[in-house]
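Lettering of chains follows the sequences in order, A, B, ..., and the numbering in each one begins at 1. Keep in mind that what you see is a predicted model, and the values were worked out from it rather than measured.
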Amino acid sequence: MQEVRTRFAPSPTGWLHIGGVRTALFEILFAHRHGGKAILRIDDTDRQRLAPGAIQALIEDLSWVGLHFDEGPSDEEIALADEGYKGGFGIGGPLKPYVQSQRVARYQEVSEELIRLGHAYRCDCTAERLEKERQEQTARREAVGYSGYCRGRNVPASVPHVVRFRIPEDRAIVLADAVKGEVRWEQIILRDPVLLKSDGFPTYHLATVADDHDMKISHVLRADEWLSTAPLHLLLFEALGWEAPVFAHLPPVLGTDGKKLSKRHGATFLRTFREAGYLPEAILNFMALIGWSPGEGEQEEIFTLEELTRRFSLERVNNAGGVFSYEKLKWMNGVYIRKLAAEELEARLRPILVAAGLRVDEEKLMRITPHIQQRLELLPDAIPLVEFLFKEAIERDWSAMLKKGMDAAKAREICARGAEALAAIEGFDAASAEAALRKLAEESGLAAGPVFTVIRIAVTGQKVTPPLFESIYALGQAESAQRLRETAELLAKEVR
RNA sequence: GGCGCUAUCGUCUAAGGGUUAGGACAAGGCCCUCUCAAGGCUUAAAUACGGGUUCGAAUCCCGUUAGCGCUACCA
């Protein structure tokens with residue numbers, strides 16, 4: 001059997017979209033499931049929309065999220081396509097180049113071949129003429145599209161022109177789609193589409209067909225929106241006498257309103273999720289479950305990349321589009337945060353806390369990390385939970401401390417005695433702090449809850465914190481006692 | 001308008017002719033508990049509509065409706 005080869009062909013027009021991540025994921029899962037190769041190809045044929053730095057950003061994002069391709073543009077190729085590229089993201093491969101702007105000569109050659117075979121022709125219709133045609137068609141309420149005016153005109157190569165594909169008339173065409181099943185077009189509606197633009201660059205249709213053939217792509221997995229142009233691609237393969245790959249059109253990723261996920265639904269760039277504190281593992285796992293499921297009664301939904309690879313199959317890809325749920329992604333991110341080893345979580349947290357302006361003490365952070373782990377959905381959720389550890393002066397939430405029968409005098413007493421109790425401990429740790437403070441609560445004659453609330457706010461300033469005794473241990477014996485003493489003094493003024 | 005795709009709880013989905021239509025997120029309740037979480041238990045929640053085929057349909061067929069995509073010298 002022929003080697004399985006898939007390709008992901010994004011346009012470097014901006015940051016990688018989360019929907020693109022799903023497509024890239026499926027390309028890799030499918031290829032690797034069958035021991036094949038996943039290829040990254042840069043589709044930069046639209047010279048208008050190129051964004052500087054986008055190729056590097058694309059590969060950087062892909063690799064951050066854990067998607068690594070087997071073949072793709074080398075450093076030299078990227079540098080050629082993108083000024084200002086500094087290197088370090090090249091992939092390389094034998095069927096180079098993997099950047100379409102570097103394959104233009106090949107597309108022109110294929111285009112010439114198509115003209116020679118009578119499947120394509122040059123067209124020098126002006127934009128105005130085309131516009132006029134369209135208006136007239138609209139007025140007559142006809143289907144809009146190119147009339148075929150230049151079909152028999154033999155436009156010479158010397159004048160500015162495009163090359164159009166000659167759509168055969170009265171042809172039915174059938175696509176055996178690996179996801180959708182058999183899709184039939186009784187007649188082809190497309191009207192002699194442009195293959196080669198007047199700037200000499202190919203349109204998607206020509207470039208993708210030529211490349212998929214040249215790069216020996218066996219399976220084309222792509223978004224649903226390409227389904228309507230699939231007949232064109234099939235016809236192109238046929239006209240060239242090439243064997244067409246297997247097509248699999250993937251269901252769309254939707255926003256809550258059922259339309260294709262876009263900016264107005266919230267974050268859509270992978271970069272944005274990264275900056276918001278999502279874990280790459282969670283993103284991949286979550287995206288795999290939009291439009292695909294393990295099925296067969298499987299009720300587990302947390303899978304590593306390896307597990308996904310082992311289970312993936314096109315038969316289990318859904319037909320219907322799926323809504324992207326930020327809620328469920330967040331939950332899943334929490335699941336992945338909880339799976340991390342404490343040291344690993346600490347390492348991922350540190351830069352975020354530093355960026356938030358905290359003077360992080362590694363030892364304190366390490367002590368508290370296991371206790372905030374089940375309290376995080378996103379990495380930055382840690383900031384409000386741990387900042388009391390790294391601030392010189394804390395603001396205390398007095399209103400939360402002094403309520404429901406707790407007055408300043410009682411609170412002052414608790415803090416003063418709490419400070420003494422903590423300071424007196426030998427072999428200070430969370431357990432000994434707890435023992436001392438529980439004893440204090442008992443002796444005070446008050447319920448433990450309110451007493452601990454006073455101490456919590458005295459030590460951390462906040463009413464919501466990691467577990468009290470672990471927080472006190474993380475802060476340290478001297479500092480905790482000091483904060484209690486300080487609170488007692490502040491409350492003393494209040495009492496007077 | 002034309003062509004095409006799609007249709008199970010609010011959302012992601014399972015069930016490939018026979019199940020009390022299952023699980024997960026979100027929501028509600030209970031338990032645990034020093035706050036907040038996490039965790040455990042639990043409740044509510046769906047086969048778009050109408051026709052067939054069949055002993056039997058969420059599942060196969062047809063129609064309707066609705067949504068989406070494409071209809072560019074964008075991909």
Side-chain angles (χ1 to χ4, degrees), chain A residues 9-11 13 43-46 48-49 123 125 127 130 134 138 141-146 161-164 175 177 179-180 183-191 193-199 201-205 207-208 222-231 249 251-252 254 256-260 286 289-302 315 318-332 334-335 338 371-377 381 385 400 434 437-438 441 447-453 455-457 460 462-469 471:
Chain A
S11 290
T13 55
D43 181 353
D44 59 345
T45 56
D46 184 349
Q48 271 26 278
R49 299 199 306 156
C123 164
C125 290
L130 261 19
R134 265 192 283 269
T138 313
R141 293 212 266 158
E142 283 172 12
V144 175
Y146 183 60
H161 64 273
V162 301
V163 175
R164 289 181 183 275
L175 167 70
D177 192 275
V179 171
K180 303 286 180 195
V183 183
R184 246 194 129 73
W185 287 263
E186 290 307 333
Q187 68 260 58
I188 294 138
I189 311 303
L190 304 159
R191 309 275 219 106
V194 170
L195 261 20
L196 207 59
K197 300 182 252 188
S198 54
D199 63 1
F201 278 83
T203 58
Y204 171 88
H205 313 296
T208 197
R222 53 164 34 162
D224 215 325
E225 62 204 83
W226 291 108
L227 186 58
S228 24
T229 44
H249 288 92
L254 311 171
T256 20
D257 56 359
K259 294 198 169 52
K260 233 175 79 179
F286 178 72
L289 263 15
I290 299 184
W292 175 85
S293 73
E296 276 156 39
E298 175 65 83
Q299 308 226 308
E300 184 56 57
E301 47 186 357
I302 302 299
E315 290 77 56
N318 257 160
N319 293 359
V323 174
F324 183 99
S325 163
Y326 293 89
E327 278 300 327
K328 189 156 185 176
L329 206 212
K330 258 198 225 166
W331 164 80
M332 195 172 279
V335 171
R338 272 170 255 138
H371 306 289
I372 62 172
Q373 192 153 15
Q374 69 264 50
R375 294 171 167 77
L376 309 179
E377 272 191 330
D381 291 346
L385 289 175
E434 173 163 12
L437 294 174
R438 280 200 190 277
V451 171
F452 292 154
T453 296
I455 296 173
R456 179 188 311 282
I457 292 171
T460 70
Q462 304 160 342
K463 59 182 174 188
V464 175
T465 70
L468 219 211
F469 315 110
S471 296

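Residue contacts shown for A/Phe286 are absent, as no nucleic acid heavy atom lies under 4.0 Å away. Among the protein residues, A/Val451 comes within range of no part of the nucleic acid, since none of its heavy atoms lies under 4.0 Å from any strand. As judged by a 4.0 angstrom heavy-atom cut-off over every strand, A/Ala320 is placed among residues touching the sugar-phosphate backbone only. Across all strands shown, A/Gly291 has heavy atoms under 4.0 Å from sugar-phosphate atoms exclusively, and none from any base. Residue-level contact check: A/Thr208 touches neither bases nor backbone, having no heavy atom under 4.0 Å from any strand.
Residue A/Asn319 contributes atom CG, which lies 13 Å from atom C1' of B/rG16 at whole-angstrom precision. In this structure, the CG atom of A/Leu254 is 9 Å from the P atom of B/rU13, given to the nearest Å. Residue A/Trp185 contributes atom CH2, which lies 14 Å from atom P of B/rU71 at whole-angstrom precision. For the pair A/Asp224 CG and B/rA7 P, the computed distance is 11 Å after rounding to whole Å. Atom CZ in A/Arg134 sits roughly 20 Å away from atom P in B/rG1 (whole-Å rounding). Separating the CD atom of A/Gln374 from the C1' atom of B/rG40 is a distance of 15 Å, rounded to the nearest angstrom.
In this structure, A/Gln187 and A/Asn318 both approach RNA chain B, and ranking their closest nucleotides by distance from the 5' end singles out A/Gln187. Comparing A/Lys260 and A/Asp43 by the nucleotide of RNA chain B whose heavy atom lies nearest to each, the residue mapping closer to the 5' end is A/Lys260.
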Take A/Leu289 and A/Lys328, measure what side chain to side chain contact (heavy atoms under 4.5 Å, CB included) needs, and give me the verdict at the end. CA-CA 11 Å; A/Leu289 263 15; A/Lys328 189 156 185 176; over 6 Å; no
Under the criterion ring pair (Phe, Tyr, Trp, His ring centres under 6.0 Å), I'd like the reasoning laid out for A/Phe469 against A/Phe452: C-alpha separation, chi angles, the key distance, then a yes or no. CA-CA 10 Å; A/Phe469 315 110; A/Phe452 292 154; 5.2 Å; yes
Take A/Gln462 and A/Val464 through the test side chain to side chain contact (heavy atoms under 4.5 Å, CB included) and record every step on the way to the result. CA-CA 6 Å; A/Gln462 304 160 342; A/Val464 175; 5.7 Å; no
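The base of B/rC73 lies close enough to the side chain of A/Ser198 for a donor and an acceptor atom to sit less than 3.5 Å apart. For A/Lys328 against B/rA26, a side-chain-to-base donor-acceptor contact under 3.5 Å is absent.
More than 12 heavy atoms of other residues, nucleotides or ligands lie within 6.0 Å of NZ in A/Lys180, so this atom counts as buried by the packing criterion.
At least one side-chain nitrogen or oxygen of A/Arg338 sits closer than 4.0 Å to the OP1 or OP2 atom of B/rG39. Contact annotation: A/Arg49 side-chain N/O to B/rA75 OP1/OP2 distance is not under 4.0 Å. Side-chain nitrogen and oxygen atoms of A/Arg191 include none within less than 4.0 Å of the OP1 or OP2 phosphate oxygen of B/rU71. Note on A/Ser11: every side-chain N or O is 4.0 Å or more away from OP1 and OP2 of B/rC74. Distances shown here put every side-chain N or O of A/Lys463 at or beyond 4.0 Å from the OP1 or OP2 atom of B/rA37. Taking side-chain N and O atoms only, A/Trp331 has a distance below 4.0 Å to OP1 or OP2 of B/rC25. Phosphate proximity of B/rC68 to A/Lys259: present, with a side-chain N or O under 4.0 Å from OP1 or OP2. For the OP1/OP2 pair of B/rA14 and a distance below 4.0 Å, the side-chain nitrogens and oxygens of A/Ser293 include at least one atom meeting the criterion.
Taking A/Phe201 as the reference, nothing meets the ring pair (Phe, Tyr, Trp, His ring centres under 6.0 Å) condition, with sequence neighbours excluded.
In this structure, the side chain of A/Thr460 engages the main chain of A/Arg456 through a donor-acceptor pair within 3.5 Å. Put simply, the side chain of A/Asn318 never gets that close to the backbone of A/Ala320: no donor and acceptor are under 3.5 Å apart. Judged by distance alone, the side chain of A/Lys197 and the main-chain N or O of A/Thr203 form no donor-acceptor pair under 3.5 Å.
The P atoms of B/rG63 and B/rU11 are separated by 27 Å, rounded to the nearest whole Å. Taking atom C1' on both B/rG23 and B/rU8, the two are 13 Å apart, rounded to the nearest angstrom. Comparing B/rG16 with B/rG22, their C1' atoms sit 16 Å apart, to the nearest whole Å. Nucleotides B/rU19 and B/rA58 place their C1' atoms 12 Å apart, quoted to the nearest Å. For the P atom pair drawn from B/rG69 and B/rC30, the interatomic distance equals 44 Å after rounding to whole Å. Taking the P atoms as reference points, B/rA27 lies 16 Å from B/rC36, given to the whole Å. Between B/rA75 and B/rU13, the distance separating the two C1' atoms is 30 Å to the nearest Å. Separation of the C1' atoms belonging to B/rA37 and B/rC32 is 12 Å when rounded to the nearest angstrom.
Comparing B/rG69, B/rA26, B/rA14 by their nearest atom to the side chain of A/Glu327 picks out B/rA26. Checking B/rC34, B/rG69, B/rG23 against every side-chain atom of A/Ser228, the shortest atom distance belongs to B/rG69. Side-chain atoms of A/Pro467 lie closest to B/rC34 of the nucleotides B/rC34, B/rG4, B/rC73. Closest to the side chain of A/Val162, out of B/rC5, B/rC73, B/rU11, is B/rC73. Counting only heavy atoms from C-beta on, A/Trp226 has its side chain closest to B/rA75 among B/rA75, B/rC34, B/rC73. Nearest to the side-chain atoms of A/Gln299 among the listed nucleotides B/rG23, B/rA75, B/rU6 stands B/rG23. The side chain of A/Lys180 lies closest to B/rU6 when the candidates are B/rA72, B/rC74, B/rU6.
The pairing partner recorded for B/rC60 is B/rG52, the criterion being a Watson-Crick or G-U wobble arrangement whose two distances lie under 3.5 angstrom. In this structure B/rG4 sits in a base pair with B/rC68, meeting the Watson-Crick or G-U test at under 3.5 Å. Using N1 to N3 plus N6-O4 or O6-N4 for Watson-Crick, or N1-O2 and O6-N3 for G-U wobble, each under 3.5 Å, B/rC34 pairs with nothing. Under the Watson-Crick and G-U wobble criteria, each requiring two contacts below 3.5 Å, nucleotide B/rA27 is paired to B/rU43. Here B/rU20 sits opposite no nucleotide as a Watson-Crick or G-U wobble pair (both hydrogen-bonding atom distances under 3.5 Å). Using Watson-Crick or G-U wobble geometry with both donor-acceptor distances under 3.5 Å, B/rC9 finds no partner in any strand shown. In this structure, B/rA15 makes no Watson-Crick or G-U wobble pair, since no nucleotide meets both defining distances under 3.5 angstrom.
Distance check, rounded to the nearest 0.5 Å: CG of A/Leu130 to OH of A/Tyr146 gives 7.0 Å.
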What protein N or O atoms touch nucleotides 43-50 of chain B N or O atoms at under 3.5 angstrom, if any, and at what distances?
none

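At a threshold of 4.5 Å between non-hydrogen side-chain atoms, the residues A/Val179 and A/His249 do not count as touching. Using a 4.5 Å heavy-atom cutoff, the side chains of A/Thr13 and A/Asp46 are not in contact.
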